[in-house]
Colleague: 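Okay, handing you the structure first.
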Amino acid sequence: MGIQGLLPFLKKSSRNIQLSEFRGKVAAVDVYCWLHKGAFSCAEKLVKGEPTDGYIIYVMKQVNLLLSHNIKPILVFDGCHLPAKEVTELKRRENRVKNRRKAKELLREGKIKEARECFQRCVDITSTMAHEVIKACRARNIDTIVAPYEADSQLAFLNINGVADIVITEDSDLILFGCSKIIFKMDSNGCGVLVEKEKLHLSMNVPRDKFDFTKFRNMCILSGCDYLPSLHGIGLVKACRFFIVTSNPDVYTVSLSKVLNFVNM
DNA sequence: ATCTAGTCGTCAT
DNA sequence: CGACTAGAT
């Protein structure tokens with residue numbers, strides 16, 4: 001679930017853009033997002049195990065959109081699952097099985113439209129599908145990378161080290177990973193929302209020289225994240241208010257009573 | 001005003 | 001994954 005409500009919180013650090021602004025740049029792409037959207041168009045065939053290239057067509061359409069703006073794409077794929085997220089993965093698998101049963105049932109009853117919705121809910125992006133897209137890219141000389149684990153950190157690495165000027169994703173965690181420029185909600189017209197690291201202080205309501213990225217990251221962690229149970233009643237706004245006044249930027253050594261006292265709970 | 005937990009949409013005809 | 005929202009605090 002990442003950080004709840006991070007993108008709306010960062011409205012002052014965001015602006016609408018068009019891909020044409022990034023002519024000549026290199027973009028690292030979180031392909032999982034495109035794979036998932038593309039799989040929607042051919043969900044039933046994928047679940048039934050029937051051959052389809054619908055998702056490949058969609059990914060390549062997006063790739064062509066970047067190329068048409070003279071942007072060089074580097075497609076980053078997910079590698080191994082993180083052991084820390086195994087529980088989440090198991091729940092998702094369970095959900096898929098449930099929806100698959102329901103889809104087949106609806107199909108028998110002749111409720112085609114409702115069945116399709118269930119099929120779309122239980123699509124799984126397999127490594128075989130990823131490999132098909134990689135082959136399609138290789139045939140067209142498009143760079144692809146398979147990350148050791150989740151693509152997030154690989155995307156951030158490429159951006160921080162200057163290999164990629166921008167990152168294209170739907171995952172707000174990339175902001176915490178330290179990316180300088182991220183495009184969210186990119187549509188098929190090349191419009192999207194750009195979030196810049198250099199503008200993060202605007203959303204925290206502090207002057208640029210008072211902004212500390214570590215504080216920002218710890219503020220997000222305090223508001224609640226995937227990796228550990230979170231404090232009830234503390235969201236981004238309260239976490240932000242706390243970190244503006246505290247001199248200690250370390251979320252782990254700050255005393256709990258201090259936090260609770262500050263937000264008067 | 002803020003937080004939580006649940007539901008819905010992503011494609012494309 | 002996020003967006004949106006009803007409902008609780």
Side-chain angles (χ1 to χ4, degrees), chain A residues 1-11 14 29-47 52-65 76-78 81-82 85 88-89 91-93 95-96 98-99 102 112-125 129 133 150-153 155 167-177 179 182-189 191-195 203 205 219-227 229-244 259-260 262-265:
Chain A
M1 259 176 282
I3 305 298
Q4 297 256 342
L6 184 54
L7 242 47
F9 181 81
L10 294 177
K11 202 153 194 168
S14 318
V29 178
D30 192 351
V31 209
Y32 180 80
C33 307
W34 291 354
L35 273 169
H36 205 265
K37 283 183 183 174
F40 247 72
S41 60
C42 49
E44 191 170 338
K45 284 182 178 173
L46 285 171
V47 176
T52 175
D53 59 354
Y55 61 95
I56 305 173
I57 303 276
Y58 179 78
V59 173
M60 292 324 251
K61 207 171 87 181
Q62 298 292 77
V63 167
N64 284 330
L65 182 63
V76 181
F77 293 80
D78 285 296
H81 290 296
L82 276 179
K85 289 196 173 173
T88 313
E89 198 55 40
K91 275 184 185 170
R92 282 184 184 159
R93 192 168 302 166
N95 216 300
R96 282 198 293 267
K98 225 162 81 183
N99 274 298
K102 199 170 175 186
I112 311 289
K113 200 174 176 182
E114 286 167 281
R116 206 174 66 183
E117 276 179 27
C118 284
F119 277 123
Q120 289 174 330
R121 254 185 262 276
C122 63
V123 240
D124 185 23
I125 308 300
M129 291 166 66
V133 173
E150 294 188 318
D152 313 22
S153 38
L155 291 159
V167 169
I168 297 173
T169 184
E170 301 299 335
D171 185 354
S172 61
D173 278 354
L174 270 295
I175 301 163
L176 273 87
F177 285 15
C179 294
I182 311 169
I183 296 178
F184 295 98
K185 307 181 203 311
M186 196 191 99
D187 64 21
S188 47
N189 297 315
C191 297
V193 178
L194 179 74
V195 176
S203 299
N205 295 311
M219 172 194 82
C220 293
I221 293 169
L222 179 63
S223 84
C225 69
D226 290 350
Y227 296 95
S230 55
L231 295 169
H232 226 269
I234 311 280
L236 273 170
V237 176
K238 285 178 182 175
C240 181
R241 281 208 282 257
F242 177 77
F243 270 104
I244 284 175
V259 179
L260 297 179
F262 182 79
V263 297
N264 61 65
M265 296 190 73

Colleague: Please identify each residue that fulfils side-chain contact (heavy atoms from CB on, under 4.5 Å) with A/F77, with sequence neighbours left out.
Modeller: A/V31, A/L35, A/L75, A/A130, A/V133, A/I134, A/T144, A/V146
Colleague: Tell me: CZ of A/R116 to P of B/dT10, nearest whole Å?
Modeller: 11 Å
Colleague: So does A/K37 get a side-chain nitrogen or oxygen closer than 4.0 Å to the phosphate oxygens (OP1/OP2) of C/dC1?
Modeller: no
Colleague: OP1, OP2 of C/dC1 versus side-chain N and O of A/T169: anything below 4.0 Å?
Modeller: no
Colleague: Check the distance between B/dA1's C1' and A/F9's CZ and give it to me in whole angstrom.
Modeller: 14 Å
Colleague: Considering only C/dA3, C/dC1, B/dA12, which nucleotide approaches the side chain of A/D171 most closely?
Modeller: C/dC1
Colleague: Report yes or no: does A/E170 contribute a side-chain atom to a donor-acceptor pair with the main-chain N or O of A/K185 at less than 3.5 Å?
Modeller: yes
Colleague: Who passes side chain to side chain donor-acceptor pair (under 3.5 Å) against A/Q62, sequence neighbours left out?
Modeller: none
Colleague: Test of understanding: with ring pair (Phe, Tyr, Trp, His ring centres under 6.0 Å), list the residues that count as partners of A/F40, not counting sequence neighbours.
Modeller: none
Colleague: How does protein reach along nucleotides 2-9 of chain B, written 5' to 3' as B (base within reach of a heavy atom under 4.0 Å), S (only sugar-phosphate), or - (no contact)?
Modeller: SSSS----
Colleague: Knowing that exactly one of A/I3, A/I182, A/T169 qualifies, which makes a side chain to side chain contact (heavy atoms under 4.5 Å, CB included) with A/I175?
Modeller: A/I182
Colleague: Return the value, rounded to whole Å, for the distance between atom CG of A/D30 and atom P of B/dT10.
Modeller: 19 Å
Colleague: Please report, rounded to the nearest Å, how far the C1' atom of B/dA12 is from the NZ atom of A/K113.
Modeller: 13 Å
Colleague: Which is it for A/K113 and A/E117 under the salt bridge (Lys or Arg N to Asp or Glu O under 4.0 Å) test, yes or no, and what are the steps along the way?
Modeller: CA-CA 7 Å; A/K113 200 174 176 182; A/E117 276 179 27; over 6 Å; no
Colleague: A/D187 has an atom CG; how far is it from atom P of C/dG2, in whole Å?
Modeller: 18 Å
Colleague: Please enumerate all residues that pass salt bridge (charged side-chain N to carboxylate O under 4.0 Å, His left out) together with A/D124, with sequence neighbours excluded.
Modeller: A/R96
Colleague: If you only use heavy atoms from C-beta on, which nucleotide in B/dA12, C/dC1, B/dT10 is closest to the side chain of A/H36?
Modeller: B/dT10
Colleague: Atom CD1 of A/I183 and atom C1' of C/dG2: how far apart are they, to the nearest Å?
Modeller: 17 Å
Colleague: Rounded to whole angstrom units, what separation is found between the CG atom of A/L155 and the C1' atom of C/dC1?
Modeller: 14 Å
Colleague: Rounded to whole Å, how long is the line connecting atom CD1 of A/I112 with atom P of B/dA12?
Modeller: 21 Å
Colleague: Between A/S172 and A/L6, which heavy-atom pair has the shortest distance, and what is it?
Modeller: O-CD2, 3.8 Å
Colleague: Are the side chains of A/F9 and A/C240 in contact, using a 4.5 Å heavy-atom criterion?
Modeller: yes
Colleague: Residues from residues 56-64 of chain A sitting under 4.0 Å of DNA chain B, heavy atoms only?
Modeller: A/Y58, A/K61
